[in-house]
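Working notes for the structure below.
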Amino acid sequence: MNKLLTLNSRIWPLATLMVLGAITVLSLIPLPHGHGAGSGLNDDKVQHLIAYGSLALPVALARPRGWVWVLLGMAAWGGMIEILQPYVNREANLPDLVANGMGVVLGFLVAQSLRRLAGPQTGSAARGQ
């Protein structure tokens, strides 16, 4: 577990940017006409939860300076994507926004659990630097 925290302390910015990029692209790819509102998968909310949990996890594990604000920014990013989706033949809806926010919270909670499992930390892995 300590190796995971040490690795994450080095790669969290890249991991976060890669997940953020993937979420943004996949959320804003225009759907073909006729596949807009109401044609999503039944597990769409689970996908939102997993995506935003994956986005928040590396930051919450690393805890860089201002990490709480970064997590709040991630939730806001989800809101911005929901606002933009109607322009790419997608549907903006409140349940997706809620699932995005819940995903950020889930990522934080998983990170807290992993940090507890790792036990007391010393050095840069504990500070996330």
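Heavy-atom basis, side chains included; hydrogens, waters and symmetry copies ignored.
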Original post:
Is the backbone of L31 close enough, under 3.5 Å, to the side chain of N89 for a donor and an acceptor to pair up by distance?
Top reply: yes

Subject >> Closest approach of A60 to G107 (non-hydrogen atoms, all atoms of both residues) >> reply: CB-O, 4.3 Å

Original post:
Under 4.5 Å between any side-chain heavy atoms of P58 and I11, yes or no?
Top reply: no

**OP:** Mark yes or no for whether E82, through its side chain, and A92, through its backbone, hold a donor-acceptor pair below 3.5 Å.
**Re:** no

Subject >> Donor-acceptor pair, side chain of R90 and main chain of S27, under 3.5 angstrom >> reply: yes

**OP:** Treat each ILVMFWY residue as a node, draw an edge where side-chain heavy atoms are under 4.5 Å apart, and state whether L57 and L117 are in one component.
**Re:** yes

Original post:
Does the side chain of L61 come within less than 4.5 Å of W12's, by heavy atoms?
Top reply: no

**OP:** Please test N100 against V104 for side-chain contact (heavy atoms from CB on, under 4.5 Å), starting from the C-alpha separation and ending with a verdict.
**Re:** CA-CA 7 Å; N100 297 346; V104 171; 6.0 Å; no

Subject >> Validation row: W77, L55 side chains within 4.5 angstrom (heavy atoms) >> reply: no

Original post:
Any link between L109 and W67 through a network of hydrophobic side chains (Ile, Leu, Val, Met, Phe, Trp, Tyr) touching at under 4.5 Å?
Top reply: yes

**OP:** Group every Ile, Leu, Val, Met, Phe, Trp and Tyr by side-chain heavy-atom contacts under 4.5 Å, then state whether L14 and V59 land in the same group.
**Re:** no

Original post:
Does one hydrophobic cluster hold both L49 and L94, with members joined at side-chain heavy-atom distances below 4.5 Å?
Top reply: yes

Original post:
Can you check side-chain contact (heavy atoms from CB on, under 4.5 Å) on V88 and I29, steps first, answer last?
Top reply: CA-CA 7 Å; V88 292; I29 290 175; over 6 Å; no

**OP:** Find the distance between OH (Y52) and CD1 (I81) and round it off to the nearest 0.5 Å.
**Re:** 3.5 Å

Original post:
Going by heavy atoms in the side chains, are M80 and I83 under 4.5 Å from each other?
Top reply: no

Original post:
Does any non-hydrogen side-chain atom of M74 lie less than 4.5 Å from one of T16?
Top reply: yes

Subject >> Joint cluster assignment, V68 & F108, ILVMFWY side-chain distance < 4.5 Å >> reply: yes

**OP:** Find out whether V19 and I23 are in side-chain contact, i.e. whether some heavy atom of one side chain is under 4.5 Å from a heavy atom of the other.
**Re:** yes

Original post:
Any side-chain heavy-atom pair from P86 and E91 closer than 4.5 angstrom?
Top reply: no

Original post:
So do the side chains of M102 and H48 get within less than 4.5 Å of each other, counting heavy atoms only?
Top reply: no

